[in-house]
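Please read the structure below before turning to the comments.
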2 protein chains.
Amino acid sequence: MTETPRRRVPRAEREAQMRAVAEEIFAERGFVAASMDEIAERCGISKPMLYEYFGSKEGLLVACIRAARADLAATTTAAVVGAAGPEDALRRGLVAFFRFTDARRRSWSLVLRNEAAVAGPAATAEVEAGRQQQVEIDIALFSAFLPHAPRLDLEAAAQVVVGACERLSLWYVGRDDVTAEQAADHLMRVLWTGLRSMLDPGPDDTVDGTVDSPTWTPVDRGIDAPTSG
Amino acid sequence: MTETPRRRVPRAEREAQMRAVAEEIFAERGFVAASMDEIAERCGISKPMLYEYFGSKEGLLVACIRAARADLAATTTAAVVGAAGPEDALRRGLVAFFRFTDARRRSWSLVLRNEAAVAGPAATAEVEAGRQQQVEIDIALFSAFLPHAPRLDLEAAAQVVVGACERLSLWYVGRDDVTAEQAADHLMRVLWTGLRSMLDPGPDDTVDGTVDSPTWTPVDRGIDAPTSG
DNA sequence: GAGGTAACTTACTTGAAGTAAGGTGAACCA
DNA sequence: TGGTTCACCTTACTTCAAGTAAGTTACCTC
């Protein structure tokens, strides 16, 4: 037992480690039951370090959420690049989303199953910002291809998509007999016809999967920090 | 200042008061920041009473959620009775839902904005049970009128509806320029065509609002307690 | 009005969030 | 090679809220 004599680790690396451990423990015990002492211990350091780097327990959670959010945004954005049209773009995005939530199911529930708001306003804001980001992406997608629709309709439609995604991902993650593609297909079948007709009430066959528009290139807006202070 | 000398109050009445006060304070401060001492004080009693009646802070939250859940179920169920067909039934249910969330917006966010899971497994289960209840109601509605669809599709569709409702209600509650009816209309327009075609892929005009079926009478399953012990 | 019980209280323990103040090792300069 | 420095890290606290043990008091019943 040659007790490693506590190596000193540069800030960035230590921070990443702390985030990883915290994500794990939050997912394991829930935010309230998780203790900063335990997180510190499993990192092999002492508690004040956590406070030094993240300010508070909530701050630590916010950092976890933000990191996950960045990952998700990058993943889905990448998946959508080069889609053949709006339908294809939406489907690709959905598949990427469901794959992501499946791969990180434990820590995903940290956000989805609502571990967040408990922590306080900052964590709530962070989660809400993530949803809003998705809403904006959806709106951009819809309006790029279907410019006739009024803003209110776009927004409502985007909210519907985001809500449906969120719930369906939990359902999907809980079943082994459904693939990400199938989940996306389910959602597309329910949503697409309605979305199309609602957003663009022109002749019914104008848009039909493959479209005259060029390939879809999403807006990359990265993470828009709500309040970093 | 004739300090009312602390009237003694029967259990049922006191419990109701405690729930009301707790709902208020939870909504006001968030679950974590709310203190049992403050709740007790605002009730005009001392803390151990809360523990006597609800067992724990989480227990108190669970009681609040369950009460709200019962209200919601009763409200929507009542609204749907006597609908002219599946579309009408769904629309009525949605309108009732949005009205409900609007009327109780503060405490609703207690559930929706995720104040729940923070508390622990019991509160999470309670919220999830509420959603599942909605899912079951939707499934019953769909399958009663559209019996051709496989169970998996019904379930996926119901999840989509519940998720969309949840998100759209938050959106709707945050705006003064949208009525409950408009929110329901938005949702119906996005969902209904897809739902209809997905659930019953027969001739496209078989179902069209008014239907040959008799008026819709929902299953009243009340509150199905997850684990009361 | 005696007695029992449901409603209620005071006064504590426990445990985790957050903090003050100081130790230590590695990089860098002479 | 030795000293200086600063980022990394610790010990040892304070504070505050959840939860509890044990006892007290008003109301109801006979």
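Chain naming here is simple, since letters A, B, ... match the order of the sequence lines and numbering starts at 1 in each. Keep in mind that the numbers below use all heavy atoms, side chains included, and drop hydrogens, waters and symmetry copies.
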Mind calculating the distance between CD (A/E52) and C1' (D/dT10) to the nearest angstrom? 12 Å
If only atom types and distance count, is the side chain of A/R167 paired as donor or acceptor with the main-chain N or O of B/V162 below 3.5 Å? no
Does some side-chain heavy atom of B/Q134 sit less than 4.5 Å from a side-chain heavy atom of B/R131? no
Just how far, in rounded Å, is P of C/dT19 from CE of A/M49? 15 Å
Is any side-chain N of the basic residue among A/E23 and A/R19 closer than 4.0 Å to the acidic one's carboxylate O? no
If I take atom CZ in residue B/R29 and atom P in nucleotide D/dA17, what distance separates them, rounded to the nearest angstrom? 11 Å
Could you list all N or O pairs between the protein and nucleotides 14-17 of chain C that sit under 3.5 Å apart?
from, atom 1, to, atom 2, distance (Å)
C/dA17, OP1, A/A34, O, 3.2
C/dA17, OP1, A/K57, NZ, 2.9
C/dA17, OP2, A/M36, N, 3.0
C/dA17, N7, A/K47, NZ, 3.2

Say whether, by atom type as modelled, one donor and one acceptor occur between the side chain of A/E15 and the main chain of A/Y53 under 3.5 angstrom. no
Interatomic distance where CD1 belongs to B/I39 and P belongs to D/dC16 [whole Å]: 19 Å
Indicate yes or no for a side-chain donor-acceptor contact from A/T77 to the backbone of A/A74 under 3.5 Å, with no hydrogens or angles considered. no
Provide a list of protein-nucleic acid N or O atom pairs under 3.5 angstrom, restricted to nucleotides 2-7 of chain D.
none

The residue among A/R99, A/R105, A/R104 that forms side-chain hydrogen bond (donor to acceptor under 3.5 Å, both in side chains) with A/D102 is A/R105
Main-chain N/O of A/G163 paired with B/E166 side-chain donor or acceptor, under 3.5 Å: no
Round to the nearest Å and state the distance from B/L61 atom CG to D/dA18 atom C1'. 15 Å
Is there a donor-acceptor pair closer than 3.5 Å between any side-chain N or O of A/E13 and the backbone N or O of A/P10? no
